Structure formats: structure tokens, C-alpha cells
Amino acid sequence: MTEFGQHDRSLEELFADAALPAIDDAGVGVSEIDAFYFGNAMGGMTENETHLAPALATHLGMQGIPCQRFEDACATSSNAFKHAVEAVEAGRHDIVLVGGVERCTPETGLDTGVMTRVFASASHGQYEQPTGLTFPGVFALLTKRHMHEYGTTEAQLAEIAVKNHSHGQYNPHAHFGRDATVEDVLESPIVADPFHLMDCCPFSDGASAVVVAAPDRAESFSSTPVDVTGIGHRTDAVPLADKADLTETRAARQASTRAYKQANITADAVDFAEVHDCFTGAEVLATEALGLLKDGKGGPAAAAGRTRVDGEIPVNPSGGLKAKGHPIGATGTAQIVELTTQLRGDAGKRQIGDASTALAHNLGGDAATTIVTVMEAHA
Ligand code: COA
């Protein structure tokens, strides 16, 4: 993956900065890649770029192969990854390049206000957008309900921001690599109650890529492949008002149930997780829906340090969206990059010792699309 932050390069150039190292790392030649599955969510609105997959393939010297662009809001490249894994599993392709790229910072010429409106296009056009609901607002509503039902506090949410900023300082690709305190979070300006600025992920530019290969081919290319053992993909009702439950994030619960079943594990077997912490409250909802923590315990567990990199169930060792950054189309495969790095034992100061089973949770829109991936160290 590229560093997440601000980039002034074109989407083609930025994606190549992630894709070419991924191809080198996998040990495959560009000519051996037989399909390209790719994610970009907002390029049509932010950069006037819509037919991106073949354009990026051309830039990488792969023109001619089947190329497919995916759009699923913030879950965009996870969906590309899921389809690549399924295509390889079904024997349709042997080696697929998967990734995503997005630019969301003022480098696009669009400021925070405009970008907030562009992102809100992923909410409900008839019932939500006309009310002025933004994504900080969507997750603020879900989190407020969680606070009401379980007593989750702003200080507990702040502990999640502190943790993820602390993890991010050991990730050379992270947008924010600095330490923060609970006071820093609670004293930062309110964006959407209960979220302060420091509870929010930033707008980021960046790209990420991975190579998916059939098991019998993977070992011949790489001495350190990792195994994808389960993927679940579910959706929930949009708009928020139609959801049966506001604190459960039902699609995450159902997608993880499916992924655990496919991997033949239970949540207890997960050594660490990368979850979609677009806002601190979203991390609470995710850890509970995934069964990593009991319902209502996400906030207290974070405050007690149980989800830190040296805790019993580390969450977001990369810094998460909160500190690593969130270039939305690149976020899903960036989570897969972190799982791969950790499962290979290559994560340096943020390495989780003896991690052999890991989970990625990527969510799009009003907690609507959710993709959960289980990966394991190669036996
Ligand atoms: N976390 C921590 N620090 C942040 C930050 C964040 N999310 N966003 C900005 N900053 C820092 C900047 O680095 C800058 O620091 P400096 O003064 O030391 O240089 C300062 O805060 C102000 O930055 P600026 O870019 O002017 O902030 P902003 O007010 O334009 O935007 C948010 C801040 C939180 C409103 C914006 O990042 C946001 O809306 N984030 C959510 C994005 C989103 O909804 N994504 C989809 C999720 S589903």
C-alpha cells in the first residue's frame, strides 16, 4: 500500500505505487496476471474518472485482460477482493490483481464541506440526503443509541481514538503517526455529537493492492503466502430508519457468522482484527457484532486496554481508519495488507506475537454493506 495522506498524483500513478510492489512481493510477472478486480468509489464525482479499471490496467502494462471495477462505498475494495477469491476458488482465474485507489483530500480541489456532501451520496437519496444527514451524523445516531442502551461514554470512545493513534505511530503508511490523549480527543471540536474531530477518521488519499492466487500456484511464487479461509458478505436495510436494530449492525453479525463457518472457527479463535472504525463508535459496534466482545462491552473493553496491540484481543493494530486513514476505495484491501503483514510476522513494533488467525471487517454506507474476511498464516 502507499502511504495514506495527501497525494498530488493521478489515480493511475497512485495505484501503480501500490500495485507494482504487490506484484513484486507476490513473485509473479505482470504477464501472468489473468484478471484485475479493482475498487474506486467516488472517482466519477471527485476526479471525473469513471472507466478506471482498463485505464489502470493499461498504465500497469496489463491491457487486454478482463478488468472489473467495483463500487460499494467504503467497502469497495473488499468486495473486489471477495469476488477475486471466489473467481479463483471457482477456477475461473488463477492469479488476480485486486486493489483500490481513492483521493479525498483537498488535493482533488474539493474541500471538507464538498467532500462531506460527496460522501453523503452513499446514504439514502430520498429519506436521508434531503435532511442534511452526513456520515459523521449517521454513525453519531447509531452511537447515541448505543450510549443510551449500554451506557457507553464519550471518554470510552476517546480511548479508542487514543489507542488507534498510538498504533498508527508504528505504521509507516499511516496518515497520522502521533500520540494523543483522552483530553486531546475530548477537547477537540464537536463534529456530530457525540463525535469530536479526533473521534473521526480523516479524508485521505491512497492506494492498496494484493495478489490472489490459487492455492496450488501460490506456493510456487511466494515463500510467505497467507490463506483466505472465510469470507462473509451481507447487507442491511437503507435508510437507518428501516433497520430492525440500531446497535447490532446486523450485516456485520451475519457476515461474520458466515465467515467463521466457512473458516470452521468461532470468534474466540481470532487473534486480532482490523475493523471499520470510521468513527470511534463504529469500532464499538463492530467489535460487538463480530462477537469479539459481548454486546455493550466494546467501550469498557477499549478503556481497560483489552483491545490494544498488547491486549487480549488487539483491534486495529494498523491504526485503523482513524489513524491510518480512509481513502475509501483503498481501505478494504489495505486491511488485507495489514492482515498479511501481521500473519507473516513482518509488522515490526506493532507486531502481534504468534498471530495465526485474523479478521478484517469493512463496511459501506449506512452500516449497510459489510464484508468480513478471515485469514490464517499458511501452514
Ligand atoms: N483525526 C485527527 N486529526 C485530524 C482529523 C482527524 N480525522 N482531520 C483533520 N485533522 C487535523 C489536521 O491534521 C489538522 O491539524 P493541524 O492543525 O495540526 O494541521 C487539523 O485537524 C484541522 O484539519 P482540517 O483538515 O482543517 O479539518 P477539517 O475540519 O476540514 O476536517 C473532519 C476534520 C473530522 C471534519 C473531517 O476529517 C471529516 O469529516 N472526517 C470524516 C470523514 C468521513 O466521513 N468519512 C467517511 C466515513 S464513513
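Every number for a ligand or one of its atoms is a count from 1 in the order of the listing. These numbers come from a predicted model, not from an experiment.
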Go through the steps to decide whether S10 and E47 satisfy the test side chain to side chain contact (heavy atoms under 4.5 Å, CB included), and finish with yes or no.
CA-CA 9 Å; S10 71; E47 319 236 16; over 6 Å; no
Could you work out the complete set of other residues in the hydrophobic cluster of I265, with links drawn between I, L, V, M, F, W and Y side chains under 4.5 Å apart?
Y260, V270, V275, L290, L292, L293, I313, V315, L359, V372, V374
Output every pair passing salt bridge (charged side-chain N to carboxylate O under 4.0 Å, His left out) with a member in residues 209-233, not counting sequence neighbours, ordered by first then second residue.
D94-R217
Could you pull out every N or O of ligand 1 that sits under 3.5 Å from a protein N or O, with the distance for each pair?
| unit_1 | atom_1 | unit_2 | atom_2 | d |
| --- | --- | --- | --- | --- |
| ligand 1 | 1 (N) | K322 | NZ | 3.0 |
| ligand 1 | 7 (N) | C200 | O | 2.7 |
| ligand 1 | 7 (N) | C201 | O | 3.2 |
| ligand 1 | 7 (N) | P202 | N | 3.3 |
| ligand 1 | 30 (O) | T112 | OG1 | 2.6 |
| ligand 1 | 40 (N) | C201 | O | 2.8 |

Using atom types as modelled, flag every donor-acceptor pair under 3.5 Å from a side chain in residues 190-197 to any protein atom, sequence neighbours excluded.
| unit_1 | atom_1 | unit_2 | atom_2 | d |
| --- | --- | --- | --- | --- |
| D193 | OD2 | K144 | NZ | 3.0 |
| H196 | ND1 | L186 | O | 3.2 |
| H196 | ND1 | S188 | O | 2.7 |
| H196 | NE2 | E154 | OE1 | 2.9 |

Residues E71 and A41: closest non-hydrogen pair is CG-O, 3.7 Å
F81: which of I371, V96, V228, T76 passes side-chain contact (heavy atoms from CB on, under 4.5 Å)
V228
